[in-house]
Amino acid sequence: GAVVSQHPSWVICKSGTSVKIECRSLDFQATTMFWYRQFPKQSLMLMATSNEGSKATYEQGVEKDKFLINHASLTLSTLTVTSAHPEDSSFYICSASGQGGTTQYFGPGTRLLVL
Amino acid sequence: DAKTTQPNSMESNEEEPVHLPCNHSTISGTDYIHWYRQLPSQGPEYVIHGLTSNVNNRMASLAIAEDRKSSTLILHRATLRDAAVYYCILRSIGGSNYKLTFGKGTLLTVNP
């Protein structure tokens with residue numbers, strides 16, 4: 001149980017385009033979802049936290065207009081990187097936890113390369 | 001969140017036990033100790049968590065010091081598939097969300 005999927009697993013796009021990444025909880029209802037970013041040889045950095053039906057809470061230094069997060073249902077959250085640039089190239093990972101959950105379950109990650 | 005300190009790297013031999021230490025001297029009474037691991041090019045995987053008592057599950061054991069200022073993740077028989085970065089994270093039970101703050105973790109190398 002507690003499986004989280006992400007789609008796509010990798011994406012290459014041109015600079016200036018927008019990219020949408022989906023995060024789904026397959027066998028539980030995720031009241032809270034988290035989005036992280038990880039650069040090579042670095043640790044995970046939390047970007048934002050989203051609760052179903054509410055606006056996301058962004059960490060300091062993360063541009064909310066550039067990284068649009070939607071958590072419209074209890075099983076789906078999306079992260080849209082708008083007007084992507086090469087410096088946005090990274091490994092994006094989502095996680096999810098259920099109501100009152102003490103554990104976060106992570107997706108497999110999405111590798112984004114912006115040319 | 002309170003900070004944790006872990007060795008940058010450790011090495012083990014296959015089928016031998018591994019003890020991964022974590023110091024958290026500023027832990028508060030409401031902080032759970034969580035362990036996650038991340039295999040190369042994958043998302044993190046939950047390993048185990050505890051509050052005060054030692055914990056066991058199918059993956060590992062967690063030994064928590066009596067004063068809670070340190071803990072040790074124990075892999076009873078390391079396999080090559082256990083090679084990963086192991087993160088020790090404190091998470092408070094207070095608040096409306098369960099944010100995790102990842103440090104640098106310990107890179108575990110398992111030798112055949």
Side-chain angles (χ1 to χ4, degrees), chain A residues 1-7 9-10 21 23-25 28 30-52 54-60 62 71 77 90-112, chain B residues 1 3-9 22 29-53 55 57-60 62 64 73 81 83-109:
Chain A
V3 178
V4 176
S5 70
Q6 280 185 243
H7 178 80
S9 55
W10 58 270
I21 302 170
C23 176
R24 293 181 184 273
S25 57
F28 67 103
T31 52
T32 307
M33 285 185 167
F34 305 82
W35 286 95
Y36 296 81
R37 180 167 54 180
Q38 185 175 33
F39 292 108
K41 298 193 182 301
Q42 294 187 24
S43 189
L44 282 78
M45 294 296 296
L46 179 65
M47 299 175 67
T49 303
S50 73
N51 292 297
E52 184 264 339
S54 303
K55 288 184 178 179
T57 301
Y58 290 81
E59 295 298 301
Q60 192 172 9
V62 178
H71 189 169
S77 176
S90 189
F91 192 43
Y92 291 86
I93 307 167
C94 73
S95 71
S97 63
Q99 180 70 35
T102 59
T103 301
Q104 286 185 29
Y105 298 97
F106 286 81
T110 297
R111 198 164 296 280
L112 170 64
Chain B
D1 291 324
K3 188 177 177 181
T4 63
T5 304
Q6 299 177 252
N8 290 332
S9 62
C22 180
T30 58
D31 286 333
Y32 276 88
I33 303 160
H34 284 245
W35 284 82
Y36 285 80
R37 71 180 185 181
Q38 186 178 23
L39 279 66
S41 298
Q42 295 187 28
E45 175 187 26
Y46 166 78
V47 177
I48 201 167
H49 77 280
L51 185 61
T52 56
S53 303
V55 185
N57 67 21
R58 64 176 179 81
M59 288 181 69
L62 176 59
I64 301 173
L73 178 70
R81 293 173 60 183
V85 178
Y86 286 78
Y87 298 99
C88 169
I89 303 170
L90 300 184
R91 187 187 63 73
S92 176
I93 60 175
S96 59
N97 68 56
Y98 302 97
K99 203 161 68 167
L100 296 175
T101 302
F102 284 80
K104 295 183 178 179
T106 296
L107 174 62
L108 175 65
T109 301

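Quick note on labels: first sequence line is chain A, next is B, and so on, each numbered from 1.
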Worksheet entry | Toward chain B, the part of A:L44 with a non-hydrogen atom under 4.5 Å | both
Discussion item. With a 4.5 angstrom heavy-atom cut-off, is it the side chain or the backbone of A:Q6 that approaches chain B, or both, or neither?
Written reply: neither
Item to complete: Compare all side-chain heavy atoms of A:R111 with those of B:S41 and state whether any distance is below 4.5 angstrom.
Response: yes
Discussion item. Under a 4.5 Å cutoff for heavy-atom pairs, which residue among A:S43, A:S9, A:P108 has the most contacts with chain B?
Written reply: A:S43
Discussion item. Minimum heavy-atom separation for B:A60 and B:L73, please, with both atom names.
Written reply: CB-CD1, 3.6 Å
Worksheet item: Would you find more than 12 non-hydrogen atoms of other residues, nucleotides or ligands less than 6.0 Å from B:M59 atom CE?
Response: yes
Item to complete: Please determine which of A:Y36, A:Y105, A:W35 meets the side-chain contact (heavy atoms from CB on, under 4.5 Å) test together with A:S95.
Response: A:Y36
